[in-house]
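The structure appears below as structure tokens.
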Amino acid sequence: MAKMLKVIRVQGGTILFDMRRSRLDRFAELMRKIAEKISHNENETTDFRPFSCEIAKEFDQAFGCGATVKTFGVSAPSLLQWEEFWDKFGVLLDKWIRGV
């Protein structure tokens, strides 16, 4: 069985991720809710900062206190920064799940 606690190197050091299903489900639900809120404002420019702060709070709970700043260098990353992280994290997650 694969270890449930994974270490990820980021620009400010390392962060830890607990791979329990409940943690992944919480992220998926948060991202779904934020995408829904943003899509309701499709004809307006949406200030992403409040959403970023909400994601950062969950991110720090999942990856450890201060993980957002360690990873991105800021406390409220841009949408592009989050997208880049999730793209890279998805590849890692897939490898871990497959046991590669």
Side-chain angles (χ1 to χ4, degrees):
M1 181 176 200
K3 289 188 338 183
M4 297 305 283
L5 192 61
K6 299 294 185 177
V7 177
I8 304 168
R9 274 182 265 134
V10 295
Q11 71 180 19
T14 59
I15 58 176
L16 300 175
F17 182 68
D18 182 342
M19 285 189 45
R20 286 180 286 189
R21 181 70 189 204
S22 61
R23 188 64 78 187
L24 296 172
D25 290 345
R26 283 176 61 177
F27 266 119
E29 180 63 16
L30 175 63
M31 299 310 284
R32 186 194 62 73
K33 286 179 181 178
I34 288 173
E36 190 174 289
K37 288 177 187 176
I38 291 172
S39 70
H40 285 331
N41 296 333
E42 65 186 42
N43 295 329
E44 301 174 18
T45 302
T46 302
D47 179 9
F48 185 72
R49 188 168 174 77
F51 299 114
S52 185
C53 291
E54 193 175 342
I55 297 167
K57 182 179 175 184
E58 185 68 31
F59 190 84
D60 282 352
Q61 288 178 359
F63 292 93
C65 184
T68 302
V69 173
K70 273 186 180 180
T71 304
F72 301 102
V74 296
S75 60
S78 69
L79 177 59
L80 186 60
Q81 287 174 298
W82 283 118
E83 287 175 342
E84 182 180 347
F85 176 83
W86 292 118
D87 287 346
K88 291 177 181 178
F89 182 68
V91 171
L92 277 176
L93 193 57
D94 185 53
K95 286 180 182 180
W96 292 335
I97 290 170
R98 289 185 295 128
V100 176

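Keep in mind it's a predicted model, so treat the numbers as computed, not measured. Along the sequence shown, residues carry numbers from 1.
Pairs engaging residues 68-92 under the salt bridge (charged side-chain N to carboxylate O under 4.0 Å, His left out) rule: E84-K88 [sequence neighbours left out]. Screening residues 10-19 for salt bridge (charged side-chain N to carboxylate O under 4.0 Å, His left out) gives D18-R20 as the qualifying pairs, with residues at least two apart or on separate chains.
A search for side chain to side chain donor-acceptor pair (under 3.5 Å) contacts involving S52 returns W82, not counting sequence neighbours. Qualifying side chain to side chain donor-acceptor pair (under 3.5 Å) partners for E54, counting only residues two or more places apart in sequence or in other chains: none. Partners of K57 according to the salt bridge (charged side-chain N to carboxylate O under 4.0 Å, His left out) rule, which considers only residues two or more places apart in sequence or in another chain, do not exist here.
Proximity of K6 to L92: side-chain heavy atoms (C-beta onward) are nowhere separated by under 4.5 Å.
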Can you give the donor-acceptor pairs under 3.5 Å from side chains of residues 25-35 to other protein atoms, not counting sequence neighbours?
| unit_1 | atom_1 | unit_2 | atom_2 | d |
| --- | --- | --- | --- | --- |
| D25 | OD1 | R21 | NE | 3.1 |
| R26 | NE | E58 | OE2 | 3.1 |
| R26 | NH2 | E58 | OE1 | 3.0 |
| R26 | NH2 | E58 | OE2 | 3.2 |
| R26 | NH2 | Q61 | OE1 | 2.9 |
| E29 | OE1 | R32 | NE | 3.3 |
| E29 | OE2 | R32 | NH2 | 2.6 |
| R32 | NH1 | E36 | OE1 | 3.1 |

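Distance check: L80 CG to F48 CZ gives 10.5 Å after rounding to the nearest 0.5 Å.
Here the closest non-hydrogen pair linking R9 and T14 is CG-CG2, 4.0 Å.
Checked against the 6.0 Å centroid criterion, the rings of F89 and F59 do not qualify as a close aromatic pair.
When each of I8, L16, V10, T68 is tested with F63 by the rule side-chain contact (heavy atoms from CB on, under 4.5 Å), just one qualifies, namely I8.
Proximity of a side-chain donor or acceptor of D60 to a complementary backbone N or O of C65 within less than 3.5 Å is not detected.
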